[in-house]
Number of protein chains: 2
Amino acid sequence: MARAATTSDVFNAIAEPQRRAILVLLRAGERPVTELAQELGMPQPGASKHLRVLREVGLVRDRKAGRQRLYGLDARGLRPVHEWTGGFEQFWTESFDRLDAYVQDLKQRRDEEQR
Amino acid sequence: MARAATTSDVFNAIAEPQRRAILVLLRAGERPVTELAQELGMPQPGASKHLRVLREVGLVRDRKAGRQRLYGLDARGLRPVHEWTGGFEQFWTESFDRLDAYVQDLKQRRDEEQR
DNA sequence: GAAGCATATACCCATATGGGCATGTGTTGG
DNA sequence: CCAACACATGCCCATATGGGTATATGCTTC
C-alpha cells in the first residue's frame with residue numbers, strides 16, 4: 001500500500017522540510033507563490049505543488065488578488081500535532097531522562113549478571 | 001528524488017499512524033515486539049519494521065531481555081516537533097482566528113468591490 | 001546440539017511522492 | 001483582441017515506502 005497520501009493528514013503534510021519552511025514564511029503574512037518559490041530557492045511549480053498539499057490539509061488558504069494568488073497561514077491544523085507531542089512532555093523532562101537512564105542501566109546490569 | 005527517507009528525521013517518522021500508535025503504547029512502559037504487534041493487530045514483521053524506523057530516529061531504544069527484545073520510549077526527539085508546532089500557537093488561538101477571519105473577510109470584500 | 005520461541009531481514013509489489021520541464025488557464029494592460 | 005505575467009497542471013522518472021510472506025538469526029532450554 002505504500003505510504004498514505006500526504007494530503008490525508010497534517011502529520012504527513014509537515015513531514016516535508018520545504019513545506020515546513022513555507023509555513024514558517026507564511027507566519028509573516030500572506031505571500032504570492034512566486035515570492036515563496038524565490039525565497040525557498042525552488043522553481044515555481046514546486047512551490048505550487050507544496051502549497052496544494054498544504055491547502056488540502058487545511059494548513060493554508062488562498063485568496064485571489066488580481067493576477068496573483070495570495071497564500072495565508074491557517075495553523076489551526078497544527079494544534080493536534082502540538083497536543084499529540086505534548087502528551088509525551090513528561091517523558092523528555094531532563095530529570096526524568098536521568099532517572100530513566102539510571103533505571104535502564106540498573107536493569108541492563110542485572111540482566112547481564114543473571115546471564 | 002522522491003520523498004526523503006523516513007529514517008532521516010522525526011517529523012517523517014511520526015507521519016505514519018501505526019508508528020504513532022506504537023509510541024503511545026510505549027508510554028505505558030517497555031514492551032516486546034510480539035506484544036506490540038498483537039495490540040496493533042499487525043503481523044510481527046510489520047511491527048519490527050516500524051520499530052526499526054523509530055529506533056533509527058532515536059524515538060525508541062531496545063534492550064535485550066533474554067529471548068525477547070524490549071522496546072522502550074525515548075520521547076526526547078518529540079520535543080523539537082512540539083516546539084516547532086508551538087511556534088504557531090498564536091495563530092490558532094480562537095480570538096486570533098476570529099480577528100483574522102474578520103480581516104480576511106474585509107480584504108476579500110474590498111478586492112471584490114475594486115474588481 | 002536439537003528443537004522452539006522471539007525477532008530481524010530479505011524479497012516482491014503497488015503506490016505515492018518530489019523534482020524538473022513543458023504547457024494550459026486565468027487576469028491585467030495596452 | 002493580443003502580449004505579458006502569475007500560477008496550476010500534466011508528464012515522466014527515480015526512489016522510498018508499507019504490507020505480506022518466507023526465511024535467517026539469536027537465545028533458551030532440555
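To find a chain, count down the sequence lines: A is the first, B the second, and so on, and within it residues start at 1.
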Choose from D:dA8, C:dT7, D:dG18 the nucleotide whose nearest atom is closest to any side-chain atom of A:Arg69. D:dA8

I need the residues from residues 35-48 of chain B with at least one non-hydrogen atom less than 4.0 Å from DNA chain C; give them sorted by number, or say none. B:Gln44, B:Pro45, B:Ser48

How would you list, by chain and number, every residue that makes a ring pair (Phe, Tyr, Trp, His ring centres under 6.0 Å) with B:Tyr71, sequence neighbours excluded? none

OP1 or OP2 of D:dA8 under 4.0 Å from side-chain N/O of A:Arg52: no

Return the set of residues passing side-chain hydrogen bond (donor to acceptor under 3.5 Å, both in side chains) with B:Arg69 (not counting sequence neighbours), or none when no residue passes. B:Asp62

Which nucleotide in D:dC7, D:dG19, C:dG18 has an atom nearest any side-chain atom of A:Arg19: C:dG18

Do the side-chain N or O atoms of A:Tyr71 get closer than 4.0 angstrom to the phosphate oxygens (OP1, OP2) of D:dA8? yes

Just to verify, which of B:Phe91, B:Trp92, B:Phe88, B:Trp84 counts as forming a ring-ring contact (aromatic ring centres under 6.0 Å, His included) with A:His82? B:Trp92

Please determine whether a side-chain nitrogen or oxygen atom of B:His50 lies at a distance below 4.0 Å from atom OP1 or OP2 of D:dG19. yes

Hey, which of B:His50, B:Lys49, B:Arg55 is the one that makes side-chain contact (heavy atoms from CB on, under 4.5 Å) with B:Arg52? B:Arg55

B:Lys49 has its side chain closest, among C:dA8, C:dA10, D:dA6, to C:dA10

Answer with base, sugar-phosphate or nothing: what part of the nucleic acid does A:Arg67 contact at a heavy-atom distance below 4.0 Å? base

Cluster overlap A:Leu73 with A:Leu70, hydrophobic side-chain contacts below 4.5 Å: no

